[in-house]
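All values derive from a computational prediction rather than experimental measurement. Index from 1, following the sequence.
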Amino acid sequence: MSSGEPGDGGDLACAGWLAVEGINSVEVCLAISFGRLPDRVLEPRPGWPALFGSFEEMVEANWPNG
């Protein structure tokens with residue numbers, strides 16, 4: 001995860017990835033602990049489409065050869 005902001009060309013973490021896998025990232029957990037990210041990033045927002053259960057599930061569904 002990087003500290004980019006929308007429109008500045010920096011890397012951004014996907015909101016879906018944060019909601020599904022963020023809790024497994026030491027960097028995300030530290031960012032939440034130090035107030036750099038709100039803890040709500042770990043939950044899907046109302047109105048979002050269904051999310052895959054993991055990054056691996058997303059890859060399998062979108063790239064037939066993994």
Heavy-atom pair with the smallest gap, counting every atom of [X] and [Y]:
X	Y	answer
S25	W17	CB-CH2, 3.8 Å
W63	M58	CZ3-SD, 3.5 Å
F52	A61	CE2-CB, 3.5 Å
A19	P44	CB-N, 3.8 Å
I32	D39	CG2-CB, 4.0 Å
C29	G22	SG-O, 4.3 Å

Identify whether I23 and V41 are in the same connected component of the hydrophobic contact network (ILVMFWY, side-chain heavy atoms under 4.5 Å).
yes
Tell me whether L51 is reachable from F55 by hopping between hydrophobic residues (I, L, V, M, F, W, Y) whose side-chain heavy atoms are closer than 4.5 Å.
no
Output for pair (R40 CZ, L18 CG), nearest 0.5 Å, gives 12.0 Å
Any side-chain heavy-atom pair from V28 and L42 closer than 4.5 angstrom?
yes
